[in-house]
Amino acid sequence: MQIAVVCCSLNPDSRSATLAEALRAPLADAGAEVDWIDLRDHDLPLCDGTTVYGRPEVRAMSKRLADADAVILATPIYNYDANAAAKNLVELTGKAAWLNKTVGFVCSAGSPVSYMSLMPLAASLMLDFRCLVVPRFVYADDRHFTADGLDPVITQRLDELAHQTARLAAALSATVPAD
């Protein structure tokens, strides 16, 4: 089982990356191989809806996501939404990468008030690409990042997300025919 963990933050000091890194061990415990994708390491173009789809870096990213049994997006919350890099990734890679995919979400925000902000992206993935969205989003705000690391509650939630994602991806791949 391969699970792509995509760090969507472009910030060099990303808290989303911290959360994504904390998924490595629980995903391994769940029997998954992690394909680590950090968007800071990829020069992806902005989606223009026409010319970018054939670019080598877009095709390579689409293949990596398509090859994964599941994807976990680790994204910051900006202006009550997933960041633009996360949405751009979905727009660039589209149906070939996302159809019938199990998708989990981990996000970092500045305050506790934006916890529902991932719903537009989740709904888009469910409706446009028939993704199975794992209902165990991990939402961490400033309170959950300490000098000693992550709050134990968040660590537990990351563990639950990792295991649930692996279980659902295995079940989905056994039951959904290829389109």
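All values below were derived from every heavy atom in this structure, side-chain atoms included, with hydrogens, water molecules and symmetry-related copies excluded. The chain is numbered in sequence order, starting from 1. Predicted model, so just to flag it, every value in this text is computed and none were measured.
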Nearest-0.5 Å distance that lies between atom [atom1] in [X] and atom [atom2] in [Y]:
X	Y	atom1	atom2	result
Leu158	Arg24	CG	CZ	13.5 Å
Tyr53	Cys47	OH	SG	3.5 Å
Leu73	Cys8	CG	SG	4.5 Å
Arg136	Leu168	CZ	CG	9.5 Å
Leu125	Lys101	CG	NZ	11.5 Å

With a 4.5 Å cut-off on side-chain heavy atoms, are [Y] and [X] touching?
X	Y	answer
Val90	Phe129	yes
Leu118	Tyr139	no
Pro76	Cys107	no
Leu10	Leu39	yes
Glu21	Trp36	yes
Leu44	Glu57	yes

Quiz prompt | Residue pair Ser9, Ser16: steps toward the side-chain hydrogen bond (donor to acceptor under 3.5 Å, both in side chains) verdict | solution = CA-CA 6 Å; Ser9 177; Ser16 300; 4.9 Å; no
Would you name the heavy atoms of [X] and [Y] that are closest together and state the gap between them?
X	Y	value
Val134	Gln164	CG1-CG, 3.7 Å
Asp69	Met1	OD2-CA, 3.3 Å
Ala162	Leu23	CB-CD2, 4.2 Å
Leu92	Pro45	CD1-O, 3.2 Å
Phe105	Val133	CE1-CG1, 3.9 Å
Ser114	Ile77	CB-CG2, 3.8 Å

With sequence neighbours excluded, what pairs up with [X] under the side chain to side chain contact (heavy atoms under 4.5 Å, CB included) test?
X	value
Asp148	Thr146
Arg59	none
Asp35	Gln2, Ala4, Ile37, Arg64

Quiz prompt | Derivation and outcome, side-chain hydrogen bond (donor to acceptor under 3.5 Å, both in side chains), residues Thr75 and Asn83 | solution = CA-CA 6 Å; Thr75 182; Asn83 75 336; 2.9 Å; yes
Practice problem: Let me know which of Leu19, Leu27, Asp38, Val71 forms a side chain to side chain contact (heavy atoms under 4.5 Å, CB included) with Val5. | Solution: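 For Val5, the side chain to side chain contact (heavy atoms under 4.5 Å, CB included) test succeeds with only one of Leu19, Leu27, Asp38, Val71, which is Leu27.
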Quiz item: Among Leu150, Thr155, Asp151, whose side chain to side chain contact (heavy atoms under 4.5 Å, CB included) with Val153 holds?
Solution: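 Exactly one candidate clears the test, Asp151.
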Quiz prompt | Between Thr93 and Ser62: side-chain donor-acceptor atoms closer than 3.5 Å | solution =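 Checked: Thr93/Ser62 side chains show no N/O donor-acceptor pair below 3.5 Å.
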Should [X] and [Y] be counted in the same cluster of Ile, Leu, Val, Met, Phe, Trp and Tyr side chains packed under 4.5 Å apart?
X	Y	result
Met119	Ile72	no
Leu161	Leu121	no
Val106	Ile3	yes
Phe137	Trp98	yes
Tyr115	Val113	no

Practice problem: Could you tell me whether Asp142 and Arg15 make a salt bridge, using a distance below 4.0 angstrom between a side-chain N and a carboxylate O? | Solution: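 Here Asp142 pairs with Arg15 in a salt bridge, since their nearest N and O are under 4.0 Å apart.
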Quiz item: Given Lys95 and Asp128, is the salt bridge (charged side-chain N to carboxylate O under 4.0 Å, His left out) satisfied, shown in steps?
Solution: CA-CA 8 Å; Lys95 184 177 182 178; Asp128 292 342; over 6 Å; no
